[in-house]
Amino acid sequence: MPKRSAEIRTALRDLRVQLALLNHHVGYQLSLKDAELDCLDVLARDGALTPSVLARRSGIHPATMTGILDRLERGGWIVRDRDQADRRRVTVSVVKDRAAEVYQLYRGMNSAVDRICASYSEDELDLIAGFLRRCAEAGETSTAKLAAT
């Protein structure tokens, strides 16, 4: 088992590097910094969020979030909406047309993943998805422990 575990950790590191490179190139094409692209990804996945929740979910310091949101808003990537019931509360959401620009650049990777998934059974895909979720949770836990020190 230790050999397999080492192979899997190596494959995960290789995947992390390749995804970081892909994200960097996507960001370059769109004139977005990595943190800005991360925020757009969180908003696209989770929907409208308050800036503080977005900061927490994207791992960005709240003071830094203001500048990121200002740049994204100026670029037409996001909108800030004031809550009608509590004007102090603001939510941030992605501009749908702009999100399509991002998705277009990931089309090649998404198609490749779809082709790879097509070669596995539903049970195998359930196992893979569960493994990846557990790895993501382990990363979240490890990050939280490091942040606390």
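Below, each value reflects all heavy atoms present in this structure, side chains not excepted, and no hydrogens, waters or symmetry copies. Treat the numbers as computed from the prediction; the structure is a model and nothing was measured.
In this structure, the side chains of Ile78 and Leu40 come closer than 4.5 Å at one or more pairs of heavy atoms. Using a 4.5 Å heavy-atom threshold, the side chains of Trp77 and Leu43 count as separate. Counting heavy atoms from C-beta outward, Val92 and Pro51 have side chains that approach closer than 4.5 Å.
Heavy atoms only, all atoms of each residue included: Cys117 and Leu125 are closest at O-CD1, 3.7 Å. Nearest heavy-atom pair, Ile68 versus Ala35, reported as atom, atom and distance to 0.1 Å: CD1-CB, 3.8 Å. Looking at every heavy atom in both residues, Leu37 comes nearest to Gly27 through CD2-N, 4.0 Å. Contact detail for Ala55 and Met65: the closest heavy-atom pair is CA-CE, 3.4 Å. Shown here for Thr91 and Ala48, the closest heavy-atom pair between the two residues is CB-CB, 4.3 Å. Listed here is the closest heavy atom pair of Ser93 and Asp81: OG-OD2, 4.0 Å.
A distance of 10.5 Å separates CZ of Arg9 from SG of Cys135, quoted to the nearest 0.5 Å. Residue Leu105 holds its CG atom at 12.0 Å from NE2 of His25, rounded to the nearest 0.5 Å. With rounding to the nearest 0.5 Å, the separation of CZ in Arg89 from OG1 in Thr50 is 6.0 Å. The CZ atom of Arg57 sits 4.5 Å away from atom CG of Asp46, with the distance rounded to the nearest 0.5 Å. In this structure, Asp34 CG and Tyr28 OH are separated by 14.0 Å, a value rounded to the nearest 0.5 Å. Once rounded to the nearest 0.5 Å, the distance linking CZ of Arg71 with CD of Glu73 reads 12.5 Å.
With hydrogens and angles left out, the side-chain atoms of Ser52 and Arg56 include no donor and acceptor closer than 3.5 Å.
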_Quick one, Glu7 with Lys3, criterion salt bridge (Lys or Arg N to Asp or Glu O under 4.0 Å). Give me CA distance, side-chain angles, the key distance, then yes/no._
CA-CA 6 Å; Glu7 288 175 23; Lys3 182 177 190 253; 3.2 Å; yes
*Checking side chain to side chain contact (heavy atoms under 4.5 Å, CB included) for the pair Tyr106/Asn23: CA distance, chi angles, key distance, verdict?*
CA-CA 9 Å; Tyr106 284 107; Asn23 291 340; 2.5 Å; yes
*With side chain to side chain contact (heavy atoms under 4.5 Å, CB included) as the test, would you mind laying out the steps for Leu19 and Met109 before giving the verdict?*
CA-CA 9 Å; Leu19 290 175; Met109 181 63 173; 3.8 Å; yes
*Carefully, step by step, assess Ile8 and Phe131 under the rule side chain to side chain contact (heavy atoms under 4.5 Å, CB included).*
CA-CA 11 Å; Ile8 289 169; Phe131 171 79; 3.3 Å; yes
_side-chain hydrogen bond (donor to acceptor under 3.5 Å, both in side chains) between Arg115 and Ser119, intermediate numbers included_ = CA-CA 7 Å; Arg115 286 191 300 277; Ser119 69; over 6 Å; no
*Would you check, one step at a time, whether the test side chain to side chain contact (heavy atoms under 4.5 Å, CB included) holds for Asp70 with Arg80?*
CA-CA 10 Å; Asp70 288 346; Arg80 289 174 169 144; 3.0 Å; yes
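Note on Leu12: it does not cluster hydrophobically with Leu127, by side-chain heavy-atom contacts below 4.5 Å among ILVMFWY residues. Residues Leu30 and Leu72 fall within the same hydrophobic cluster, defined by Ile, Leu, Val, Met, Phe, Trp and Tyr side chains chained together at heavy-atom separations under 4.5 Å. Grouping the Ile, Leu, Val, Met, Phe, Trp and Tyr side chains by contacts below 4.5 angstrom, directly or via other members, places Leu22 with Leu32. Hydrophobic clustering (side-chain heavy atoms under 4.5 Å, transitive across Ile, Leu, Val, Met, Phe, Trp, Tyr) keeps Leu49 apart from Val79. A single hydrophobic cluster is seen to contain both Val26 and Val42, as judged by linkage of ILVMFWY side chains at heavy-atom distances under 4.5 Å, directly or through other members.
Side chain of Arg98 to backbone of Gly75: a donor-acceptor contact under 3.5 angstrom is found.
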